[in-house]
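Quick notes on the structure that follows.
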Amino acid sequence: MNLENLNENQKKAVEITEGPLLILAGAGSGKTKVLTTKIAYLIMNNIAQPENILAITFTNKAAKEMKDRVISMLGSVAYNIQISTFHSFGVSIMRSHYKELGYDKNFMILDSDDSLTVIKRILKDLNIDPKQYSPKMIRNRISSSKNELIDSSIFSKYVKTEFDEITHKVFIKYEEKLKQTNSLDFDDLLILPIQLFRQNPEILLSYQEKFKYILIDEYQDTNEAQYILVKMISAKYKNICVVGDESQSIYSFRGSNYRNILNFEKDYKNTQVILLEKNYRSTQTILNAANDVIKNNTERKDKNLWTDNVVGSNIKYHRAMNEKDESDYVTSEIKKLINTNKLSDIAVFYRTNAQSRNMEEALLRENIPYKVVGSFYFYNRQEIKDLIAYLKLIYNEKDDVSLLRVINVPKKGIGLKTIENLSLRAVINNESLYQSINGGKELEFKKIIEEIKKASDSLSLTELVELTLEKTGMKQELQNEKTLESDIRLENLEEFKSITKTFEEKNGIISLEEFLLEISLVSDIEEYKNNTEVVTLMTIHSAKGLEFKNVFVIGLEEGIFPHINCMDSKCDLEEERRLFYVAVTRAKENLWLINSRKRLLFGNESANPASRFISEIKDEYLDKDEFETNPIIQKRIIGTINSKEEYTVGESIIHNEFGKGIIISVDKSLLTIAFPHPNGIKKIMRGHSSIKKV
DNA sequence: GCCTAAGTGCTTTTT
DNA sequence: GCACTTAGGC
């Protein structure tokens, strides 16, 4: 096989096929090229059969990209290579071994929203006030525990605070509920395979024998469960090749631990290490800027990323007046690019999903086609969620969560009372809600589901969707409504059918099971579309692993990026900096860094100083476009507080947490108060703690 | 049981 | 600004 187009180290990385191999690959150093070439090398040199190779990536996007590349190198044999995300790999294990773990064949996967719904319901059952104990926090706590392989019984040993105690109670119920409804959450997809392997060494052995060659991309982002899973499967042959860069570790909120990559040599004896330091992607200027920023992090291995690409043009820094002005600026710059660039060469990155909206509005106004990657907006629409809930229930009647969602959709007079009775009966008889239906208006509902179920065997997926929309009355209801709103909903449902159609065209005859599994892991509509000639909008997290000729990073303000929740601890701040590093190193030729003096945040106007990351870049690499030097922003926290007392604007008060402040506005019982604060960040707080008149 | 208005809290990031 | 919850009238 011809490895001529690789450099020395890349070549070595491909040729070392036996034993543990650690590839420390800086941004843009061609690691995907190395990985895909390595897979091709293994197969073409008959070292491994396609089915002996397991390649794991982090995002669906990355998996798809790798698969496409391998297919173009190897042709159809490549279809037998398991290239997937950790989670979809987990699904494939569960589909073969659900029995050993006591699940039914038609298990369902809950996304994080579903998990939250389950937890809210448990809180209700346990009479716990969700305002006092945030369901989200409980969910996150449970999820991170699971990712550390801590189940509820182990968790009991770590209970210290009252919150822990509540979490523990909910944790137990949550486990019960999921098992009872034959459902798995995302974390189960990692920990159940581990449990399976621990309990059944012979099954583990079969996986070890099957996957003799293992490749893991973005190893710095693995969490404990993923780390253990990989370790187990690779234990026999130890042909494990991991690629990563601790400077790009950005998933610690999900339990990822970049020390996994720093410790790889200790974990796997006789590891060979290869450094890929030459960058093929970016101009020298962009690379210099990235290096300037990342060197402010203390916890990192020293890498020296270099390139022999051209110096390139300076990075453009623009400070806009407000968020509208910001997106208008980006749009006008994009318009300048259109003549000489493909739209697919342009990307806009932001820190939080909410920031896409202004950008979308501006692009819509100017008729510039775009796509928002990783937006679950479509699947989060009420009508789509309802439809999916119906489909899930048709597939798995034990799915109580879905049943509760749609039992009264469209409205048929089934309210709280009915559901309470139903729940009670279900608990007593230890059966699902669906099973416990035996009369009333609910029976009508059950009959409809039964009818669709019966018909489903002889229908294609798209036909099944159509039948569901008709039999349930969802379609009729919307057609009768005849409002703008209902029209949009109908359109969305049509769009859903076009997704199932595309799906069928791509995959042939597809079962409801396969479809539901797929959309539970890939709930991003863009993955199913082929609209390639568009500008790409996405969060920096989704941008990892990708590259674009022209990159805009917006919202570079203290409090947004670095995000306000990440500014307190050094460790979080370093992760924000790594995130910024990822953003910058996506750009091949041109980079814009943009922020705004003022913006509407949570409905309040706020003024944030420019992100510290900008000042970490040497001035010589920046073309600054701001019509005044950065003013020293007045340092204050703004708090809004409920109060019955009479206050007037301008009055001084004392707050028991923030100290002295001044009333800025009075709106009914809502007060907005300014407090001096060293960070210069506005913090919105409402409805708690007391203030006193001075 | 359904509808509406008022109230409340909230946004990191992904599978 | 928005989505979600809750209370109260029908």
Side-chain angles (χ1 to χ4, degrees), chain A residues 56-63 84-91 109-117 120 124 129-131 134-137 140 143 146-147 184-190 218 221-223 225-226 249-256 323 349-358 373-376 380-382 408 410-420 441 517 519-524 538-544 555 559-567 572 575-576 578-580 582-583 599-605 640 642 668-670 683-688:
Chain A
I56 291 199
T57 64
F58 256 77
T59 60
N60 298 303
K61 237 183 158 36
S84 57
T85 64
F86 267 107
H87 290 84
S88 57
F89 178 53
V91 171
I109 295 162
L110 305 185
D111 63 25
S112 11
D113 275 352
D114 298 330
S115 297
L116 194 63
T117 312
K120 279 183 188 160
K124 213 171 206 171
D129 180 12
K131 272 176 204 140
S134 136
K136 254 192 191 149
M137 268 168 78
N140 292 346
S143 172
K146 288 175 85 165
N147 276 311
L184 317 181
D185 66 14
F186 282 145
D187 308 321
D188 287 330
L189 296 176
L190 304 173
E218 311 278 9
D221 283 328
T222 49
N223 64 29
Q226 290 159 336
S249 159
I250 55 175
Y251 282 103
S252 74
F253 67 93
R254 212 170 71 185
S256 84
E323 76 277 0
F349 300 157
Y350 35 81
R351 176 64 177 83
T352 66
N353 281 305
Q355 289 169 263
S356 74
R357 237 191 66 216
N358 286 316
V373 171
S375 93
F376 310 111
N380 269 331
R381 302 226 21 144
Q382 186 189 314
N408 201 26
K411 302 225 156 53
K412 42 178 111 35
I414 301 174
L416 234 100
K417 259 265 149 52
T418 318
I419 286 166
E420 262 171 28
K441 293 172 201 149
L517 282 181
I519 61 169
S520 62
L521 291 178
V522 189
S523 48
D524 180 355
M538 59 181 144
T539 64
I540 301 158
H541 281 87
S542 335
K544 190 156 75 147
I560 294 177
F561 194 13
H563 194 273
I564 189 156
N565 295 355
C566 307
M567 292 169 62
D572 287 346
E575 176 144 324
E576 292 290 289
R578 291 194 292 271
L579 192 59
F580 183 69
V582 168
R599 77 169 62 234
L600 232 48
L601 223 56
F602 301 102
N604 281 52
E605 186 168 78
T640 320
N642 278 327
K668 289 182 194 163
S669 63
L670 280 179
K683 210 160 191 161
I684 317 294
M685 319 199 69
R686 241 194 288 191
H688 72 93

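Reminder, nothing fancy here: chain letters follow the sequence lines and each chain counts from 1.
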Given atom CD of A/Gln382 and atom C1' of C/dC2, what is their separation to the nearest angstrom?
-> 15 Å
What is the distance, rounded to the nearest whole Å, between atom NZ of A/Lys417 and atom C1' of B/dG1?
-> 11 Å
Could you tell me how the ring of A/Phe58 sits relative to the ring of A/Phe86: parallel (under 30°), tilted (30 to 60°) or perpendicular (over 60°)?
-> perpendicular
Value in whole Å for how far the C1' atom of B/dG9 lies from NZ of A/Lys120 = 11 Å
dist A/Asn408:CG -> A/Thr418:OG1 (nearest 0.5 Å) comes out at 8.5 Å
Roughly how many Å is it from NZ in A/Lys124 to P in C/dC4, rounded to a whole number?
-> 14 Å
Anything under 3.5 Å between a protein N or O and an N or O of nucleotides 13-15 of chain B, put it in a table, one pair a line.
{"from": "B/dT13", "atom 1": "OP1", "to": "A/Asn353", "atom 2": "N", "distance (Å)": "2.6"}
{"from": "B/dT13", "atom 1": "OP1", "to": "A/Asn353", "atom 2": "ND2", "distance (Å)": "3.2"}
{"from": "B/dT13", "atom 1": "O4'", "to": "A/Arg351", "atom 2": "NH1", "distance (Å)": "3.4"}
{"from": "B/dT13", "atom 1": "O2", "to": "A/Arg351", "atom 2": "NH2", "distance (Å)": "3.3"}
{"from": "B/dT13", "atom 1": "O2", "to": "A/His541", "atom 2": "NE2", "distance (Å)": "3.4"}
{"from": "B/dT14", "atom 1": "OP1", "to": "A/Thr539", "atom 2": "OG1", "distance (Å)": "2.8"}
{"from": "B/dT14", "atom 1": "OP1", "to": "A/Ser542", "atom 2": "OG", "distance (Å)": "3.2"}
{"from": "B/dT14", "atom 1": "OP2", "to": "A/Asn353", "atom 2": "ND2", "distance (Å)": "3.4"}
{"from": "B/dT14", "atom 1": "O2", "to": "A/Arg254", "atom 2": "NE", "distance (Å)": "3.4"}
{"from": "B/dT14", "atom 1": "O2", "to": "A/Arg254", "atom 2": "NH1", "distance (Å)": "2.7"}
{"from": "B/dT15", "atom 1": "O2", "to": "A/His87", "atom 2": "NE2", "distance (Å)": "3.3"}
{"from": "B/dT15", "atom 1": "O4", "to": "A/Ser112", "atom 2": "OG", "distance (Å)": "3.0"}

Please work out if A/Lys136 contacts a base, only the sugar-phosphate, or nothing of the nucleic acid, heavy-atom cut-off 4.0 Å.
-> sugar-phosphate
Which residues satisfy the side-chain contact (heavy atoms from CB on, under 4.5 Å) test with A/Asp188, sequence neighbours excluded?
-> A/Lys146, A/Leu178, A/Leu184, A/Asp185, A/Ile191, A/Leu192
Check the surroundings of atom NZ in A/Lys124: do more than 12 heavy atoms from other residues, nucleotides or ligands lie under 6.0 Å from it?
-> no
Separation between the P atoms of B/dT13 and C/dC4, rounded to whole Å | 15 Å
Hey, is the main chain of A/Glu323 close enough, under 3.5 Å, to the side chain of A/Arg599 for a donor-acceptor pair?
-> no
Pairwise distance CD(A/Gln226) to CG(A/Asp221) - rounded to 0.5 angstrom | 8.5 Å
note: A/Asn140, atom CG; B/dC10, atom C1'; distance rounded to Å ~ 14 Å
Side-chain atoms of A/Arg357 come closest, of B/dT11, C/dG1, B/dC3, to C/dG1
For atom CG of A/Leu116 and atom P of C/dA3, their distance in whole Å | 16 Å
